[in-house]
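Computed over heavy atoms, backbone and side chain alike; hydrogens, waters and symmetry mates excluded. Each chain gets a letter, A, B and so on, in the order the sequences are listed, and its residues count up from 1.
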Amino acid sequence: MSINLAQLKQQQLEYAESIIIQDKLDFTIPKFIGGTDVGFENGGEITRAAIVVLSYPDLRLVEYKVAKVKTEFPYIPGYLSFREYPALEEAWQQISQKPDLLLVDGQGIAHPRGVGIASHLGLLLNIPTIGVAKKRLYGQYTDPDSKPLSYEKLWDKHGEQQIGWVLRSKLRCNPLFISPGHRVSYQTALDWVIKCLKGYRLPEPTRFADAVASNKPFFSQVLRGM
DNA sequence: GCGACAG
DNA sequence: ATCTTGTCGC
């Protein structure tokens with residue numbers, strides 16, 4: 001398969017113009033909040049995407065779906081969505097209780113062209129999304145205080161415009177990189193991530209998605225909670 | 001040219 | 001992301 005990065009870059013630039021960084025929500029208090037995580041099998045041959053649905057405000061797992069598709073795109077920083085979107089879209093279609101808000105593992109607009117996977121997904125599925133990344137891809141910031149829930153703004157390349165937040169979700173843990181995905185404002189993105197924290201570094205939707213997407217001990221623990 | 005670089 | 005045991009710190 002040949003990959004035309006220049007063309008994909010152009011596509012991202014076009015998507016960027018349609019991304020809405022304002023609250024366009026269909027709820028005041030969400031009924032369900034979702035989370036996503038993607039893993040790989042057979043040395044990357046298979047992409048395994050998980051989407052979980054948690055009730056709000058109790059944050060209990062009510063449904064989850066795992067979709068496996070053949071991987072047809074490599075990992076290239078800045079182009080992650082082209083690698084993971086297909087599997088995530090498949091998992092989304094299988095979900096019967098569509099969440100009102102989706103926390104996506106990866107960047108929202110905190111991306112070189114303003115279109116991280118959370119934005120890409122939100123735009124194509126037309127749903128409110130928030131990017132929750134464990135590492136920085138783009139932008140500059142100063143480390144937030146060590147006190148839990150301390151945060152700093154994540155700025156663009158020139159330090160002129162905000163593109164997200166750097167949140168210390170838990171004591172002695174590396175911060176999270178939060179940014180609007182689609183149809184969500186900066187403040188709302190930060191607020192909902194904080195509301196989904198429950199003593200762990202990752203917000204519950206993301207944490208459950210991690211558990212479901214991986215094959216680890218916590219997964220069986222998660223299934224029991226259903 | 002060199003370093004950075006989500007998952 | 002994934003391959004992997006023990007291990008250091010709270």
Side-chain angles (χ1 to χ4, degrees), chain A residues 3 5 8-9 11-12 15-16 19 35-52 66-91 102-124 129-141 146-148 154-159 163-182 189 193 199-203 205-219:
Chain A
I3 298 169
L5 280 190
L8 296 180
K9 173 180 177 181
Q11 185 172 71
Q12 291 184 323
Y15 281 168
I19 292 170
T36 78
D37 187 44
V38 177
F40 298 88
E41 299 176 3
N42 303 321
E45 250 183 73
I46 300 298
T47 298
R48 185 203 319 114
I51 291 187
V52 298
V66 178
K68 296 183 181 183
V69 306
K70 184 173 183 180
T71 306
E72 29 68 71
F73 198 89
Y75 169 64
I76 301 174
Y79 297 85
L80 178 68
S81 55
F82 294 104
R83 176 178 172 79
E84 305 189 340
Y85 180 77
L88 283 169
E89 202 249 341
E90 176 64 31
L102 191 61
L103 303 196
V104 180
D105 65 314
Q107 314 292 343
I109 62 170
H111 174 280
R113 290 167 291 287
V115 197
I117 189 167
S119 300
H120 187 120
L121 190 67
L123 184 63
L124 298 192
T129 58
I130 295 173
V132 180
K134 294 181 277 304
K135 293 180 180 178
R136 180 202 78 98
L137 166 67
Y138 185 77
Q140 41 187 40
Y141 65 97
S146 62
K147 182 177 180 292
L154 177 60
W155 303 87
D156 70 359
K157 192 174 188 176
H158 307 296
I163 57 175
W165 308 91
V166 184
L167 171 70
R168 179 132 273 142
S169 53
K170 183 182 179 184
L171 185 65
R172 289 179 219 89
C173 283
N174 291 322
L176 255 31
F177 295 79
I178 314 300
S179 59
H182 182 54
V193 168
Y200 296 89
R201 183 194 179 210
L202 299 176
T206 307
R207 202 166 69 84
F208 278 68
D210 273 342
V212 171
S214 61
N215 302 306
K216 297 181 177 180
F218 182 60
F219 180 46

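For DNA chain B, runs of at least 3 consecutive pairs of the Watson-Crick or G-U wobble type, with both hydrogen-bonding distances under 3.5 angstrom, are absent.
Of all nucleotides listed (B/dC5, B/dG7, C/dC10), B/dG7 comes nearest to the side chain of A/K135. With distances taken from any side-chain atom of A/F40 to the nucleotides B/dA6, C/dT2, C/dC10, the minimum falls on C/dT2. For A/R48, counting side-chain heavy atoms from C-beta on, the closest listed nucleotide (B/dG7, C/dT2, B/dC5) is C/dT2. Among the nucleotides C/dC10, B/dC5, B/dG7, the one closest to the side chain of A/R172 is C/dC10.
Of the side-chain N and O atoms in A/R136, one or more sit less than 4.0 angstrom from OP1 or OP2 of B/dC5. For B/dA6, the OP1/OP2 oxygens have a side-chain nitrogen or oxygen of A/Y75 closer than 4.0 Å.
Under a 3.5 Å cut-off, the side chain of A/T71 and the backbone N or O of A/G44 do form a donor-acceptor pair. Under a 3.5 Å cut-off, the side chain of A/T36 and the backbone N or O of A/I51 do not form any donor-acceptor pair. When atom types are taken as modelled, the side chain of A/R83 and the backbone of A/I76 share no donor-acceptor pair closer than 3.5 angstrom.
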* **Pair pattern of DNA chain C in dot-bracket, where unpaired bases get dots and | marks partners in another strand, Watson-Crick or G-U under 3.5 angstrom** => ..........
* **Criterion ring-ring contact (aromatic ring centres under 6.0 Å, His included) on A/F177 and A/Y141, from CA distance to verdict** => CA-CA 10 Å; A/F177 295 79; A/Y141 65 97; 5.2 Å; yes
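Aromatic stacking of A/F177 on B/dA6: not satisfied for centres closer than 5.5 Å together with planes under 30 degrees.
Across the protein-nucleic acid pair, A/H111 atom NE2 and B/dA4 atom C1' stand 14 Å apart, rounded to whole Å.
Residues satisfying the ring-ring contact (aromatic ring centres under 6.0 Å, His included) criterion with A/Y138, sequence neighbours excluded, are absent altogether.
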